[in-house]
Amino acid sequence: MPELPEVETTRRGIEPHINGQTVLSVVARTKKLRWPIPSQLNKKLCNQIITSVNRRGKYLLLNSEPGTLIIHLGMSGSLRVTTPTAIAEKHDHVDIVFKKNILRLRDPRRFGAVLWTSKDPLSHKLLASLGPEPLEEEFTAQYLYQASRNRRISIKEFIMNSHIVVGVGNIYATEALFTSKIHPLRAAGKISLPRYELLVTAIKEILAGAIQRGGTTLRDFTREDGKPGYFQQALQVYGRTKQPCVVCAHPLRSTKQGQRTTTYCTQCQR
DNA sequence: ACAGTAACCTGTTTGC
DNA sequence: TGCAAACAGGTTACTG
């Protein structure tokens, strides 16, 4: 569920609780999520200090002197800061135990990941070939325009590809295409530079706005304190199939693209 | 290199 | 009411 705004909301939420804190122990109750959880995580992190909490795309990076714990929340993951005595529930797979609290990973569908690297995390196989951060200056219309030449894939699948740009998932891709009036099925290679300008602006504004509101909570996304985000109230098309377009009142239509639902306005988006 | 599809899971909602 | 199918915020791996 978490897209970039939800992961960034999580990062900002957990950072003040764990940055500079010493790990007392690591408890893994599950052998594997998407991939096996590294054994000996307790040995690696016990008595180590968390020196920074970073994000790259939808990956969270908990740095320490000997290495980095890489966490991905997948579709249903969330991190919470709990009291040291809170009882772990059914889908609570990993605890990073500190003196005053526990950082607890919950992930019912187990599409998430917990990985360890003792090298530069950005050179890790899964991170090395990621596209630019959408909120950084390097993410421009010119970049998307050039990257999309001769690509026949639809624009929606194109911007959801993390090797093109990170952090744009189904909700925000759907919203950004509506805002920039681009039809989600249009071939990425057949979109003009001016239209990419509109799209890039929309992506940046929508992601920034969602972070400001603490992310989108549809069903079970929660912040580190268990509270929801408030961006769902600002969604204009996602989840609104058959309801009237907020611009022209024409009923919104849905289709499937790469196993994901896309909702769009047949009148406004071309 | 690119495009299309299946796969990994569980919980909740929808439809007969 | 019951049950099966469909659906859910992600991403890799495999095939052609």
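What's counted below: heavy atoms across the whole structure, side chains too, no hydrogens, waters or symmetry copies. Lettering of chains follows the sequences in order, A, B, ..., and the numbering in each one begins at 1.
Ring-base stacking between A/F111 and C/dT11 is not satisfied when judged by a centre separation under 5.5 Å and a plane angle under 30°.
Here A/S76 does not reach the OP1 or OP2 of B/dT10: none of its side-chain N or O atoms lies under 4.0 Å away. Considering only side-chain N and O atoms, A/R109 lies nowhere under 4.0 angstrom from the phosphate OP1 or OP2 of C/dG10. Applying the 4.0 Å criterion to OP1 and OP2 of C/dA13, one finds that A/K125 has a side-chain N or O inside that range. OP1 or OP2 of C/dA8 has at least one side-chain nitrogen or oxygen of A/K256 nearer than 4.0 Å. The phosphate of C/dG10 has OP1 or OP2 within less than 4.0 Å of a side-chain N or O from A/R260. Listed pair A/K90 / B/dT10 fails the phosphate criterion, with no side-chain N or O lying under 4.0 Å from OP1 or OP2. Applying the 4.0 Å criterion to OP1 and OP2 of C/dT12, one finds that A/H72 has every side-chain N and O outside that range.
The pairing partner recorded for B/dA1 is none, the criterion being a Watson-Crick or G-U wobble arrangement whose two distances lie under 3.5 angstrom. The pairing partner recorded for B/dC8 is C/dG10, the criterion being a Watson-Crick or G-U wobble arrangement whose two distances lie under 3.5 angstrom.
Contact detail for A/R106 and A/D92: the closest heavy-atom pair is NE-OD1, 2.7 Å.
A donor-acceptor contact closer than 3.5 angstrom links the side chains of A/T263 and A/S254. With hydrogens and angles left out, the side-chain atoms of A/T22 and A/K99 include no donor and acceptor closer than 3.5 Å.
A distance of about 22 Å separates the C1' atoms of B/dG4 and C/dG9, rounded to the whole Å. When the P atom is compared between C/dC14 and B/dC9, the two are found 15 Å apart, to the nearest whole Å.
Residue contacts for A/F158: at a heavy-atom cut-off of 4.0 Å it reaches no nucleic acid atom on any strand shown.
Remark: A/R55 fails to qualify as a cation-pi partner of A/Y59 under the 6.0 Å distance and 45° angle criteria applied to the six-membered ring.
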